[in-house]
Amino acid sequence: MTTIEENITRVNNKLQQLLKNYSALQKENEQLKTLAVNYKTEKQVDLEKIDRLEQQVALLRSAAGQMSESEKKVFEKNINQYIKEIDKCIGLLSE
């Protein structure tokens, strides 16, 4: 083989290897994207669970009478917010 043919063969081999690497990286990228979406979904579920548990803790403290003044104010604010939302729903249903 001549030097030019050897160079062409070597470049062709390197190009083939680059294409294989590119394909593997694309596949890995898709897997990582899927994994990231799954983690975001899990995070959202966990945050919602934490919120529910915090509400339950507040209710239990309220029922046990172990709330500080600041906690009582926050609790009352949340209750008032729920009442407003319920009133809006009732208003929409009565239309």
Side-chain angles (χ1 to χ4, degrees):
M1 264 193 207
T2 65
T3 307
I4 293 175
E5 290 174 345
E6 290 173 0
N7 287 338
I8 291 174
T9 302
R10 191 173 74 242
V11 168
N12 191 26
N13 290 339
K14 287 184 179 184
L15 181 60
Q16 292 300 321
Q17 185 62 38
L18 282 174
L19 290 173
K20 287 179 186 177
N21 290 346
Y22 178 73
S23 177
L25 286 173
Q26 281 184 320
K27 185 176 180 180
E28 182 182 5
N29 190 24
E30 287 301 317
Q31 290 172 344
L32 291 173
K33 284 181 182 179
T34 302
L35 191 62
V37 168
N38 291 341
Y39 283 145
K40 285 180 183 178
T41 304
E42 287 178 20
K43 179 183 175 184
Q44 185 63 34
V45 169
D46 290 344
L47 289 174
E48 290 171 1
K49 185 175 181 179
I50 288 170
D51 187 47
R52 284 193 310 270
L53 290 173
E54 286 175 347
Q55 289 176 1
Q56 288 178 356
V57 167
L59 287 172
L60 290 172
R61 282 187 180 166
S62 173
Q66 299 175 348
M67 293 179 85
S68 68
E69 286 300 317
S70 62
E71 289 175 329
K72 284 181 184 179
K73 287 180 182 180
V74 170
F75 183 72
E76 288 176 8
K77 183 180 176 183
N78 287 338
I79 294 296
N80 288 334
Q81 191 175 16
Y82 290 138
I83 291 171
K84 287 178 185 177
E85 289 180 23
I86 291 170
D87 286 342
K88 285 181 185 178
C89 291
I90 291 172
L92 291 173
L93 288 173
S94 64
E95 289 181 357

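All values below were derived from every heavy atom in this structure, side-chain atoms included, with hydrogens, water molecules and symmetry-related copies excluded. This chain uses plain numbering: 1 for the first residue, then up along the sequence.
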Task: side-chain hydrogen bond (donor to acceptor under 3.5 Å, both in side chains) partners of Arg10, counting only residues at least two apart - done: Asn7
List the atom pairs, with distances to 0.1 Å, where a side-chain N or O of residues 16-23 and a protein N or O form a donor-acceptor pair under 3.5 Å, not counting sequence neighbours.
from  : atom 1 : to    : atom 2 : distance (Å)
Gln17 : NE2    : Asn21 : OD1    : 3.2
Tyr22 : OH     : Gln26 : NE2    : 2.9

Qualifying residues under side chain to side chain contact (heavy atoms under 4.5 Å, CB included), relative to [X], sequence neighbours excluded:
X: Gln81; value: Asn78, Glu85
X: Lys73; value: none
X: Glu54; value: Ile50, Asp51

At what distance, to the nearest 0.5 angstrom, does [atom1] of [X] lie from [atom2] of [Y]?
X: Glu28; Y: Gln31; atom1: CD; atom2: CD; answer: 7.0 Å
X: Ile90; Y: Lys88; atom1: CD1; atom2: NZ; answer: 13.0 Å
X: Arg52; Y: Leu47; atom1: CZ; atom2: CG; answer: 11.0 Å
X: Asp46; Y: Lys43; atom1: CG; atom2: NZ; answer: 10.0 Å

TODO: Examine Leu92 and Tyr82 and state if one hydrophobic cluster contains both, with Ile, Leu, Val, Met, Phe, Trp and Tyr joined whenever side-chain heavy atoms are less than 4.5 Å apart.
DONE: no
- [ ] Starting from the C-alpha separation in whole Å, work towards a yes-or-no answer on side chain to side chain contact (heavy atoms under 4.5 Å, CB included) for Gln56 and Leu53.
- [x] CA-CA 5 Å; Gln56 288 178 356; Leu53 290 173; 3.6 Å; yes
Open item on the list: Run the salt bridge (charged side-chain N to carboxylate O under 4.0 Å, His left out) test against Glu76 and tell me which residues pass, sequence neighbours left out.
Closed with: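 Counting only residues at least two positions away or on another chain, Glu76 forms no salt bridge (charged side-chain N to carboxylate O under 4.0 Å, His left out).
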